[in-house]
Structure formats: structure tokens, C-alpha cells
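All values below were derived from every heavy atom in this structure, side-chain atoms included, with hydrogens, water molecules and symmetry-related copies excluded. Along the sequence shown, residues carry numbers from 1.
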Amino acid sequence: MSVKPPTWISVWFMVTVPVIIWDAFYCFMRPRSFEGGDLHWIWAPYSIYQNIDLVYGVRAWEEMDGFTNAQSLMNLVETFLNLVYLYLAHVVEWPAAPLIGFTSVSLTLGKTLLYGLQEYYCGYCKVGHNTTRDLIQFWIIPNGIWIVVPSLIVWKMGQDLCRRLMLAEAKAKKT
């Protein structure tokens, strides 16, 4: 049984690497990355997003809200694990590589759900000021992608891990 994942899973892990790094460094470089900051040109699209999701905005920075950078650091940990997984699955072909991939994508899914649940339980305190159109276009759809795709990967990798465990158990019973 190959440890290499389906192509769509590898593509997701690879495509998300630069996106996550770009996002994390926007957060770590605040206030210089804010609109008007000397490094804002690197993160120009955030001139919209910092006003859509106030977790990314000036007020959160001024209030020293630690959630933004904490989730960014977790994003970088997940990204590191994604790269380790891809290396171990595609280059080394280590049999336990899928466990690392499953763990990493589970962290991504859990953190994204936490992000949404935090908004729900604070009464949409960071995104509730948006129009319905802006909320859907700039917050629900992007965050939805980070829920749907990792959910599909968790499902696929979970099935594969269960299959491997059942095969190992069956083999152990034969000996």
C-alpha cells in the first residue's frame, strides 16, 4: 500500500504553503504591514481584509489581542508539518507519513473551526459590522474553503489510516 496521497491532497498541501506564510508574516509584521505601513505593498489585499475581519485590523493590534499572532504561529507549525509530510510521503516513502499528514490537516481544520466558533460566541464581534455581501465574499467563502478541503482530506486520510490498521491487525492475527 503506497504512502503517497492522491494528487489533490498533495496539491492542497503545496498550494497552501505560500498562502499561509504570506498571511502569517502579515500578522507578525503588524503594524508595518497595515495600510499606510512601509511594508503594506507586500500585503496590499489586506487593506480590504483588515477592515473585514477586525482580528487582522488596527484595533486588535492596539488592544494587544494575541489571538491573531497565536493562530499565525499555529499556521506555521501546520505548514511545517505539511512540508514534512510531503517529503516523507513522496521522497522517503515512510509508512508512517500519513499519520503526520492526518495530524497536520486535523490541526488546520480544528483551528479554522475554532476561529469561526469564536466569532459565533462573541456575537460576531470582529466580522458582524460587514454587509452580507462582504461577509460572504471575504470571510465565509475563504474560511469555508479552509473547512471543506481539510474536512475532505481528514475523511480520506482517516479512511486510509483505518484501512492500514485493519490490514496490520489481520496480518498480526495470521502470524
Side-chain angles (χ1 to χ4, degrees), residues 9-89 97-130 134-155 157-158 161:
I9 292 176
S10 295
V11 168
W12 171 261
F13 278 103
M14 287 303 295
V15 167
T16 60
V17 168
V19 172
I20 291 170
I21 291 171
W22 185 61
D23 181 75
F25 279 90
Y26 166 82
C27 297
F28 293 141
M29 295 305 295
R30 295 175 308 155
R32 296 178 69 194
S33 59
F34 285 146
E35 187 173 22
D38 66 317
L39 297 177
H40 180 69
W41 61 272
I42 299 169
W43 295 279
Y46 281 85
S47 61
I48 296 169
Y49 199 72
Q50 75 182 48
N51 295 308
I52 296 291
D53 184 348
L54 300 181
V55 166
Y56 281 75
V58 174
R59 192 169 88 209
W61 167 258
E62 289 171 346
E63 293 174 355
M64 298 184 67
D65 184 341
F67 183 78
T68 311
N69 283 356
Q71 65 93 22
S72 293
L73 181 60
M74 290 301 299
N75 284 344
L76 292 177
V77 170
E78 294 159 23
T79 299
F80 174 74
L81 289 173
N82 290 348
L83 292 170
V84 168
Y85 164 66
L86 288 171
Y87 175 76
L88 293 174
L99 185 58
I100 293 172
F102 182 82
T103 300
S104 176
V105 77
S106 296
L107 289 169
T108 300
L109 177 59
K111 187 184 61 341
T112 307
L113 290 171
L114 176 65
Y115 197 83
L117 290 169
Q118 187 276 335
E119 271 303 303
Y120 173 78
Y121 284 108
C122 76
Y124 300 98
C125 59
K126 303 293 185 185
V127 298
H129 63 281
N130 291 291
D134 284 349
L135 188 63
I136 291 169
Q137 181 178 357
F138 295 110
W139 198 79
I140 293 173
I141 291 173
N143 282 299
I145 291 168
W146 287 91
I147 292 170
V148 171
V149 177
S151 293
L152 294 171
I153 295 171
V154 163
W155 181 262
M157 293 183 102
L161 286 168

Listed partners of [X] passing side chain to side chain donor-acceptor pair (under 3.5 Å), at least two apart:
X: D53; value: Y49, Y115, W139
X: S10; value: H90
X: D23; value: Y46, Y56
X: N51; value: none

Where is the tightest heavy-atom contact between [X] and [Y], given as atom of each residue plus distance?
X: Y85; Y: A97; result: CD1-O, 3.0 Å
X: F13; Y: S104; result: CE2-OG, 4.3 Å
X: S106; Y: V154; result: OG-CG2, 3.8 Å
X: H40; Y: E35; result: ND1-N, 3.3 Å
X: I52; Y: H129; result: O-CE1, 3.2 Å
X: A60; Y: L54; result: CB-O, 3.3 Å

For residues 143-154, which residue pairs pass the side-chain hydrogen bond (donor to acceptor under 3.5 Å, both in side chains) check, not counting sequence neighbours?
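Matches after skipping sequence neighbours: none remain.
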For [X], give me all partners under salt bridge (charged side-chain N to carboxylate O under 4.0 Å, His left out), at least two apart in sequence or on another chain.
X: E119; value: none
X: E62; value: none
X: D134; value: none

Could you tell me the separation between the [atom1] atom of [X] and the [atom2] atom of [Y], rounded to the nearest 0.5 Å?
X: I100; Y: L81; atom1: CD1; atom2: CG; value: 7.0 Å
X: L99; Y: L88; atom1: CG; atom2: CG; value: 11.0 Å
X: L109; Y: L114; atom1: CG; atom2: CG; value: 11.0 Å
X: N75; Y: I20; atom1: CG; atom2: CD1; value: 5.5 Å
X: L113; Y: Q118; atom1: CG; atom2: CD; value: 13.5 Å
X: C125; Y: Y120; atom1: SG; atom2: OH; value: 13.5 Å

Does any part of the side chain of W22, heavy atoms only, come nearer than 4.5 Å to the side chain of P45, both counted from C-beta?
yes
For Y87, I'd like to know if atom OH has over 12 heavy atoms of other residues, nucleotides or ligands within 6.0 Å.
no
Got a sec: does the CZ of F28 have more than 12 other heavy atoms crowding it under 6.0 Å?
yes
Indicate whether any N or O donor in one side chain lies under 3.5 Å from an N or O acceptor in the other, for N82 and E78.
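Result is no, nothing qualifies.
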Between T68 and V55 (side chain of the first, backbone of the second, donor and acceptor by atom type, cut-off under 3.5 Å), is there such a pair?
yes
Can any side-chain N or O of Q50 pair as donor or acceptor with the backbone N or O of S47 at less than 3.5 Å?
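Such a contact is absent between Q50 side chain and S47 backbone.
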Applying side chain to side chain contact (heavy atoms under 4.5 Å, CB included), run through T16 and T79 and close with a yes or a no.
CA-CA 8 Å; T16 60; T79 299; 5.9 Å; no
In chain order, what residues pass the side-chain contact (heavy atoms from CB on, under 4.5 Å) check against [X], with sequence neighbours excluded?
X: V11; result: T7, V15
X: V149; result: W12, I145, I153
X: W61; result: R30, P31, F34
X: L39; result: M29, R32, W41, I42, W43

